[in-house]
Amino acid sequence: MKTLVYLVAFLYLSLCQANDFLESAIFTNTSLQELPSTYKGRVRPLEASSRLWLYDLYNQQQIKSAQKALFHLKTGTAIELEWKLFFFGHQPWDHSPLFWIHYAELKELLALNLKQDRFSYHELSKALSNKDFLKWLMTYQYAKNFHDIHNRAFSEKQELHQLAPRLWVELKGDDLILLSKPNDGVLWRHLPIGLTIAQGIRSHLLSFEKKHRVVAEEALKLMSSLNQYSQNQGALHAEATVEQQGSLLKLLPSRYHEGLWYSLNTLKAKSFDEEKKQERLTPNFTLYSDNLFKQIQTEYELLETALKKEDRAQVFIHTDRLVQFLNEGYASIAGKPYKEAYGKTIDYPTVMQIQIERDYYHYPLTELAILFYAIALILFVLSYKKPKLIKLALACAFVAFGCQTILLVMRCFILQRPPVSNMFETVIYVPWIAMLLGFILHYFLKNHLVLVASSVGALCLLILLKLTNLNSSLDNVQAVLDSQYWLIVHVLMVVGSYGVFLLGGVLGHFYLISSMIHGKETPQMAQNAKLILQCLYMGVAMLIPGTILGGVWAAESWGRFWDWDPKESWAFISSCIYLIWIHAYTFGYIRHFGLSVGAIIGLLTISFTWYGVNYILGTGLHSYGFGSGGDYFYYLFILAELVFLGAAYRIKSKKRVYP
Amino acid sequence: MKQIKKLYHFLGGIQFALILIAASALMVIAGTLIESKTESHLLAAKFSYDHPLFSLLLGGFFINILLAALRRWPFKVKHVPFLITHLGLLMLLAGVMIKRQFGVQGMMFLIEGGASQALLLPGTYGIQIDKSYHALQPSFFKGFKLENENPEVKLIGYAPNASEQIKGWIKGDVAIIKGFKPFKVENEVGLIRQIDLDHQLWKVYTGRPTNIAEAIEKIYLQSTSIKITQKEKKIYNGPLWQLLETEALPAKLHLNFSSILGFVDPFLEVLGEKIPLDGSKSLRSSLRQVDLQNSPTLILLEDPNGDQYFFAFDPYGRVHVEPFRHDNLNSILVYDQGHRGYAMQKTLPFTSLPASRRDCEKADLYLLTKQLQNAFSKDSKLVPPLQVLKKACADQDLAHILMTFLDEWHQSGAWIYPKDRPLPDELHKIFSHLNLTLLSQEEIRGCHWCSLILSEIEQAIERGSDFIGLLEKRRWPLIEPIKQQEHGSLGSKVDLLSAQIFSLHPYLPDPDPTENDFPSYKAHLLSAYLRSQAIYLSAILPSLDELEQNERLEAANPLGVHEPIVLEAPLTLHHRVMPSKSKIEDNQPLIQLEIKGEKLSLVYDRLASGLKWPVSQGRSLIRFQPQVMQIPYRVRLRDARQINYPNSSQPFSFESDLWVTDLRNGRVEAATLSMNNVYETAEGYRFYLANISPPQETAVQRIQLIVNYDPAKYYVTYPGAIILSIGILMLFWLRPYKKEIS
């Protein structure tokens with residue numbers, strides 16, 4: 001049957017000469033996308049590996065449609081680029097703008113066009129040998145090493161082996177001097193020994209490192225990406241050995257080293273047959289059966305031949321078969337453990353997990369959720385005039401919530417852990433909790449406002465998530481967090497409380513806005529204030545015990561209960577802030593207006609605990625979600641909120657309606 | 001009375017509570033900002049969480065909560081949530097305080113295979129003298145003060161931060177080599193005096209130059225003389241500096257000194273030929289003979305950073321250096337477990353056997369002859385010229401004859417053995433028996449042409465012609481491949497040319513019949529054949545390069561005894577006061593002590609892992625380190641490992657296997673620690689794995705354990721946490737509704 005299909009397809013295509021279609025068909029094939037491969041220490045579907053690989057270089061999971069032509073690609077998918085790069089080597093893409101640079105400062109250092117975001121290998125390899133850039137990079141690396149190393153004797157000489165072996169620099173007086181350089185490095189060749197790298201730097205080392213950390217780390221990452229890129233010789237042109245593994249299309253699990261995967265071109269690696277005293281194709285080195293391996297090897301050989309002949313129909317047929325055999329092989333090892341540690345193992349994902357992970361990357365669930373939240377909000381607004389629309393609005397909100405739920409459930413299912421161990425997950429999880437609470441309160445109180453509020457919160461955060469381009473990939477959890485029980489108890493509780501506070505904060509805004517409009521408290525507003533109070537109670541009841549349980553976790557796992565780590569400190573601070581409002585309200589110092597203000601100020605401290613500690617303070621032990629960037633927008637946000645609070649207070653005191 | 005009542009209500013009141021909460025929040029905010037600014041947790045703690053004001057606030061909380069409860073006396077049912085919450089809070093606070101007072105919190109460092117029962121208490125200071133410990137208390141004005149007065153130990157100085165360098169050869173104004181009078185050291189590099197090492201006089205230079213490379217080149221030039229022989233004619237003999245300065249011959253010295261890597265392939269360039277000055281090919285040249293002469297020299301230098309360099313020149317012009325970077329000593333000697341101090345050692349790499357260029361060549365010839373004897377003894381097929389030579393040798397040893405001939409040829413310095421050069425007797429006899437007619441007519445024709453063309457070119461080149469230009473002029477048809485060898489040496493180009501000529505013999509006309517039967521003429525023709533097969537001395541010598549030159553010399557001189565020269569210098573400490581860092585955790589405080597009248601300074605050893613230094617004439621050992629506490633368990637580390645996620649450096653698990661021995665009953669238990677997996681003894685001592693380094697499985701790993709003991713945890717702290725949590729839930733959801741109902 002399958003041959004028939006091929007035959008028909010072949011005839012059809014050779015008639016129409018629609019080669020483009022054939023080529024696209026290879027890369028849109030679901031079984032190719034679901035091929036298990038490894039990337040960054042996890043077995044994932046090829047769809048995920050190649051998207052993440054491309055994202056690391058290009059900051060998009062596929063080539064922008066406007067740039068497709070520059071890359072001479074048919075579909076512009078990550079798989080297509082990886083696949084072609086793998087077979088044809090890097091030369092055809094040396095002039096394509098593949099490498100993304102975020103920071104203008106780095107572009108400036110490299111003397112690149114500031115208006116451009118992406119640059120070609122050709123441009124960059126030239127730009128990187130810029131003397132000033134290299135000096136700057138060496139200074140940074142030196143400053144970093146200087147503070148990392150606890151050397152008793154404060155050695156002024158250091159090898160910057162992170163940049164290149166044998167690259168030594170020395171702090172002479174206040175200046176940094178080049179002492180020796182690698183013999184073979186292309187980049188470093190032009191620097192003379194004894195070159196003054198930086199002047200008068202001694203007392204500024206710490207501040208230099210802090211100031212340039214983010215940009216320099218990007219530069220280092222860029223350099224290693226370029227290096228790796230330039231090593232792709234192309235399977236069609238290069239010999240392969242089992243020892244030398246490529247970095248692309250790692251599709252063959254090793255039989256000899258647990259967890260090691262080989263690139264596809266290892267299939268044509270030759271080895272010496274001791275018995276027959278001659279070279280032959282290396283016998284089965286994979287975990288798959290000998291028989292299947294033989295078939296895979298044969299198909300791969302045929303595929304290479306077809307590629308060399310540029311016979312697209314043959315390429316199509318052999319790719320399809322190769323993929324089929326590889327998938328068949330993986331099915332025999334799926335779900336089995338392959339790496340053991342004390343009390344835990346790493347298992348190969350099941351075929352179902354692989355398929356779901358492919359769907360996770362393939363379907364734009366976050367975007368769908370944003371769309372439906374936006375529609376729901378518009379409908380909510382319209383329903384003031386046309387109350388009939390309210391049902392539709394609810395339905396939309398529910399669909400959006402559904403997308404979000406599916407996203408979280410998928411992550412849980414694929415990674416087998418609760419979805420709260422990096423920034424991306426918490427940004428999905430927090431509005432999810434807010435929505436969940438919204439639905440629950442809506443069910444009991446029949447108050448639409450609460451759903452509007454939670455939808456606003458969810459929409460804002462999800463848009464923020466898209467704008468900031470947070471790392472959405474599915475990755476391994478850090479060893480420290482690898483404790484299901486505590487992760488659920490401590491992190492779910494604490495991060496969950498953020499969601500509750502988020503809802504309270506948005507409701508606080510609603511209250512203040514209506515107070516600015518009405519100038520007095522309407523019954524609707526009183527109802528709203530009651531909701532705020534409930535949110536604060538519930539949030540505090542999650543935050544404080546959650547934080548204390550975190551202390552117990554710390555005491556049990558690391559031997560100390562409380563250490564004033566920044567995250568701990570800010571959890572303490574936000575607890576204090578909320579306690580102030582709650583106490584003040586309970587004892588009658590403030591009323592509903594003050595409570596609303598409190599909910600907003602509380603939300604600001606929570607936002608700092610959540611975002612600021614990781615991104616602005618950037619120190620401490622809770623470094624599982626550290627990052628950088630966006631601080632100016634964050635300050636702007638705080639400022640806007642304060643202006644808003646000021647305005648609300650001014651209007652209120654002018655109208656003097658409240659006691 | 002009214003005032004007191006007012007105070008009582010204020011202290012137990014909500015206003016006071018709000019002030020306290022707000023004040024503590026502000027202090028903590030300040031703390032986190034300081035920490036982010038300076039990256040110093042300790043500094044932040046000093047100004048916030050550990051500040052007396054913060055303790056005062058905590059005390060305030062305690063009073064406030066207590067009085068708030070008392071004010072509600074007599075309690076009613078509605079007060080229960082409030083009381084439970086605040087009871088939980090008090091218990092939590094009490095639990096933390098009990099732990100601080102009666103608990104244990106320390107670190108333990110273990111190396112794989114090692115064991116310990118001592119905890120280091122981080123953040124504490126003291127002086128360990130042998131088994132006794134003198135605790136130091138931080139003091140605001142003096143840095144530290146001794147906890148217990150002691151007439152023998154006096155604290156006389158303090159600096160908040162200092163660096164510690166280990167000094168070897170050069171200490172201030174003198175350089176020390178054990179067994180010799182100290183050598184004076186000035187900034188200028190200069191000859192101090194000569195010393196007798198192994199019956200040879202060695203010059204010793206010392207100095208503290210700003211430019212080491214320049215200084216060392218200067219000494220080398222001044223002390224070295226050079227003799228250049230070409231085709232057995234002396235073409236230069238005199239001081240090296242003169243050769244370079246007068247530019248009589250094109251020559252240049254490339255010592256290639258780098259303060260990090262030492263000498264990187266140092267060489268002397270003479271007439272376009274490189275003579276290596278170290279390594280297994282040292283002094284070896286192929287075209288002409290270059291002999292260097294030097295008086296053996298030791299040079300001890302220190303650069304402005306305090307790094308020291310040990311240079312040595314041998315009598316034949318070889319150079320050697322070993323940098324001694326103070327943070328990177330290769331090895332140290334420990335005398336009497338440190339009571340007699342520490343030293344470092346340097347073995348000179350030069351052999352005491354004669355090691356001139358000619359000595360080395362002779363040794364190489366000897367070894368090659370041995371190798372060839374082995375090879376020829378088997379039934380191996382020889383190339384035609386060797387077959388002929390073997391015939392001529394009759395019962396004499398072919399390997400020996402061949403090597404003697406190759407050496408003679410090499411000594412002549414010509415491309416082909418000169419036809420007019422007399423052979424030594426031994427070879428003369430052999431070559432007079434040599435029957436070249438055993439070779440085919442074509443081969444002989446090839447030999448002749450080789451000899452003709454090569455001799456002519458060689459003579460032309462000696463007159464100053466260019467090799468390629470000459471070939472071009474003569475329109476040599478196969479010039480292209482020779483031209484392509486752009487970077488090849490002249491020797492390799494000649495190899496290629498001679499192979500070309502030889503392989504062309506079928507197409508060449510017969511040369512002039514200059515029949516000549518002299519042995520040296522036969523040697524000449526044979527050497528032309530050998531040259532075309534690339535069999536000549538400098539081409540086959542590299543097969544010995546696997547052995548170091550000294551090893552080759554020793555192998556060739558089984559009777560000579562090589563006695564290595566070993567020099568030694570005692571280690572001393574050099575302390576430098578540094579400005580205090582903003583990250584105060586990284587400061588290394590320095591103290592100055594007076595012990596029984598002896599003054600010394602010590603730098604804090606945070607991990608108590610460095611050397612203990614002798615005091616009181618070596619009767620005691622001393623170290624400035626954290627306080628040590630013995631626990632009733634002995635912990636031995638069997639294995640530690642970091643398991644990464646496959647194909648990445650991200651750790652999946654940190655683990656270590658321990659044996660824990662209870663010292664009171666000798667019971668041993670095996671335990672495995674990992675992240676989130678702690679070992680707890682029956683008594684309540686807990687062991688946590690905090691750190692493993694280095695991550696590579698191949699190295700011996702070192703782990704850091706956190707050991708703690710918290711008597712209050714299960715009775716006060718954790719129940720307090722639970723009660724507090726329950727209380728909060730009750731407060732928020734029981735009361736508001738009641739309020740609404742009422």
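In the text below, chain A, chain B and the rest are named by the order of the sequence lines, each starting its count at 1.
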Could you pull out the closest heavy-atom pair between [X] and [Y], with the gap in Å?
X	Y	result
A:Ile573	B:Ala25	CG1-O, 3.9 Å
A:Lys210	B:Ser36	NZ-O, 2.6 Å
B:Ser24	A:Phe572	OG-CZ, 4.0 Å
A:Pro545	B:Ile728	CD-CD1, 4.4 Å
A:Gly259	B:Pro646	O-CB, 3.2 Å

Which answer fits [X], side chain, backbone, both or neither, if we ask what part of it has an atom under 4.5 Å from a heavy atom of chain A?
X	result
B:Leu92	side chain
B:Asp710	neither
B:Leu724	side chain
B:Ala721	both

Relative to chain B, which segment of [X] carries a heavy atom at a distance below 4.5 Å: side chain, backbone, both, or neither?
X	value
A:Ile548	side chain
A:Leu171	backbone
A:Thr345	backbone
A:Ser569	both
A:Leu206	side chain

Just give me the residue among [options] that pairs up with chain B most often, heavy atom to heavy atom, under 4.5 Å.
options	answer
A:Trp562, A:Tyr589, A:Trp261, A:Tyr338	A:Tyr589
A:Ser575, A:Ala584, A:Ala555	A:Ala555
A:Lys250, A:Lys339, A:Glu258	A:Lys339

More than 12 non-hydrogen atoms from neighbouring residues, nucleotides or ligands closer than 6.0 Å to CZ on A:Arg166, yes or no?
-> no
Is the count of non-hydrogen atoms from other residues, nucleotides or ligands lying under 6.0 Å from A:Glu340 atom CD greater than 12?
-> no
Side-chain donor or acceptor of A:Tyr342 paired with backbone N/O of B:Asp657 under 3.5 Å | no
With no hydrogens and no angle check, is any side-chain donor or acceptor of B:His41 less than 3.5 Å from a backbone partner on A:Asp563?
-> yes
Atom pair [atom1]/[atom2] of [X] and [Y] - distance to nearest 0.5 Å:
X	Y	atom1	atom2	result
B:Gln105	A:Phe561	CD	CZ	13.0 Å
A:Ile544	B:Ser725	CD1	OG	9.0 Å
A:Ile346	B:Phe652	CD1	CZ	4.0 Å

Between B:Tyr718 and A:Glu556, is a side-chain hydrogen bond (donor to acceptor under 3.5 Å, both in side chains) present by the stated rule, with each step listed?
-> CA-CA 11 Å; B:Tyr718 292 178; A:Glu556 288 296 299; 2.9 Å; yes
Among [options], who wins on heavy-atom pairs under 4.5 Å with chain A?
options	result
B:Asn644, B:Val678, B:Ile29	B:Ile29
B:Arg641, B:Lys99, B:Gln15, B:His575	B:Gln15
B:Asn677, B:Thr717, B:Ile706	B:Asn677
B:Ile643, B:Thr672, B:Asn708, B:Leu18	B:Thr672

I would like to know whether A:Lys157 and B:Asp303 meet side-chain contact (heavy atoms from CB on, under 4.5 Å); could you show each step before the answer?
-> CA-CA 12 Å; A:Lys157 285 186 190 124; B:Asp303 73 9; 2.9 Å; yes
Is there any side chain to side chain donor-acceptor pair (under 3.5 Å) pair reaching into residues 173-182 of chain A, and which pairs are they, with sequence neighbours excluded?
-> none
Once the angle between the rings of A:Trp564 and B:Phe54 is folded into 0 to 90°, is it parallel (under 30°), tilted (30 to 60°) or perpendicular (over 60°)?
-> perpendicular
